[in-house]
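Worksheet: the structure to be examined is printed underneath.
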Amino acid sequence: MRITPLALLLLSLLAAAPARADLHITGDHGGYVEEYKARYQRIRDRHERVIIDGICNSACTLVLGIVPINRICVTPRASLGFHQAYYDKAFTFGIKVTSAEGTSDLMSFYPDTVKDWIRRNGGLTTEMKKIKNGEELWKIVDPCPEDF
């Protein structure tokens, strides 16, 4: 098999192009805030897109404040869930203890549209407050184009 100069040029262009991957969130119930911050900062820095295509609760919602909102979209299956931050139960003898500092940290990342929704819905509490797909969610995040 002979490689032509044109084929060589095309291969070199493909190799030089940055790889682009999208993050699909389909069932994320949250976890450690610092891990989510680091993950979303990497996604932001690589200019990747995020498709919320299911549950994005708790620390998962930090994506809204770290990745530029114009690189995030939601499908009809999307929902967001917000609550106060908790200390790791490993340090509180298995008891769920809220963290005012952690909750303040979460809020500091959210864009104004998210903060406004949270305020209109009674603020962050121990109970999960959810936004399901529809007009309320679309005021925060654009729906994904149909080809997603």
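- Here the CG-CZ distance, from Asp112 to Arg119, works out to 7.0 Å after rounding to the nearest 0.5 Å.
- Between Ile140 and Ile131, some side-chain heavy-atom pair lies under the 4.5 Å cut-off.
- Counting non-hydrogen atoms of other residues, nucleotides and ligands closer than 6.0 Å to CD of Gln41 gives a total above 12.
- A heavy-atom distance below 4.5 Å is not found between the side chains of Tyr87 and Thr98.
- Residues Glu127 and His83 fail the side-chain proximity criterion, which asks for heavy atoms closer than 4.5 Å.
- Rounded to the nearest 0.5 Å, atoms CH2 (Trp117) and NZ (Lys139) are 12.0 Å apart.
- Linking ILVMFWY side-chain heavy atoms closer than 4.5 Å, directly or via other members, places Ile69 and Val63 in a single hydrophobic cluster.
- Under a 3.5 Å cut-off, the side chain of Arg71 and the backbone N or O of Arg44 do form a donor-acceptor pair.
- For the pair Ser58 and His29, the minimum side-chain heavy-atom distance is 4.5 Å or more.
- Nearest approach of Cys73 to Pro145, heavy atoms of both residues: SG-CD, 4.5 Å.
- Tyr86 and Leu62 fall into different hydrophobic clusters, where Ile, Leu, Val, Met, Phe, Trp and Tyr are joined by side-chain heavy atoms under 4.5 Å apart, directly or via other members.
- One distance of note links CG of Asp142 with CG of Asn70; it measures 9.0 Å at 0.5 Å rounding.
- If you take CD1 on Ile52 and CG on Leu137, they are separated by 7.5 Å, rounding to the nearest 0.5 Å.
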Discussion item. Working note: Tyr36 + Asp28, criterion side chain to side chain contact (heavy atoms under 4.5 Å, CB included); need CA distance, chi angles, decisive distance, verdict.
Written reply: CA-CA 11 Å; Tyr36 279 83; Asp28 191 325; 2.5 Å; yes
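- Following chains of ILVMFWY side-chain contacts shorter than 4.5 Å, one can reach Val67 starting from Leu106, so the two form part of one hydrophobic cluster.
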Worksheet entry | Val114/Met107 under side chain to side chain contact (heavy atoms under 4.5 Å, CB included): CA gap, chis, key distance, verdict | CA-CA 9 Å; Val114 172; Met107 289 295 289; over 6 Å; no
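- In this structure, CD1 in Ile43 is found 5.5 Å from CD in Glu48, a value given to the nearest 0.5 Å.
- Across every non-hydrogen atom of Ala85 and Thr103, the tightest pair is N-OG1, 2.9 Å.
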Practice prompt. For Ile25 and Ile51, run side chain to side chain contact (heavy atoms under 4.5 Å, CB included): C-alpha distance rounded to whole Å, both residues' side-chain angles, the deciding distance at 0.1 Å, then the answer.
Written response: CA-CA 6 Å; Ile25 298 172; Ile51 296 130; over 6 Å; no
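- Between the SG atom of Cys144 and the CG atom of Asp53 there is a distance of 7.5 Å, given to the nearest 0.5 Å.
- Salt bridge annotation for Asp105-Lys37: present, with a cationic side-chain nitrogen under 4.0 angstrom from a carboxylate oxygen.
- Considering only heavy atoms from C-beta on, Trp138 comes within 4.5 Å of Val74 through its side chain.
- Put simply, the side chain of Leu64 reaches to within 4.5 Å of the side chain of Leu80, judged on heavy atoms.
- No side-chain heavy atom of Asn121 sits under 4.5 Å from any side-chain heavy atom of Phe82.
- Side-chain contact of Tyr110 with Thr61: a donor-acceptor pair under 3.5 Å is present, judged by distance alone.
- Between Asn57 and Met128, some side-chain heavy-atom pair lies under the 4.5 Å cut-off.
- Note on Asp45 versus Arg42: no salt bridge recorded, every NZ/NE/NH1/NH2 to OD/OE distance being 4.0 Å or above.
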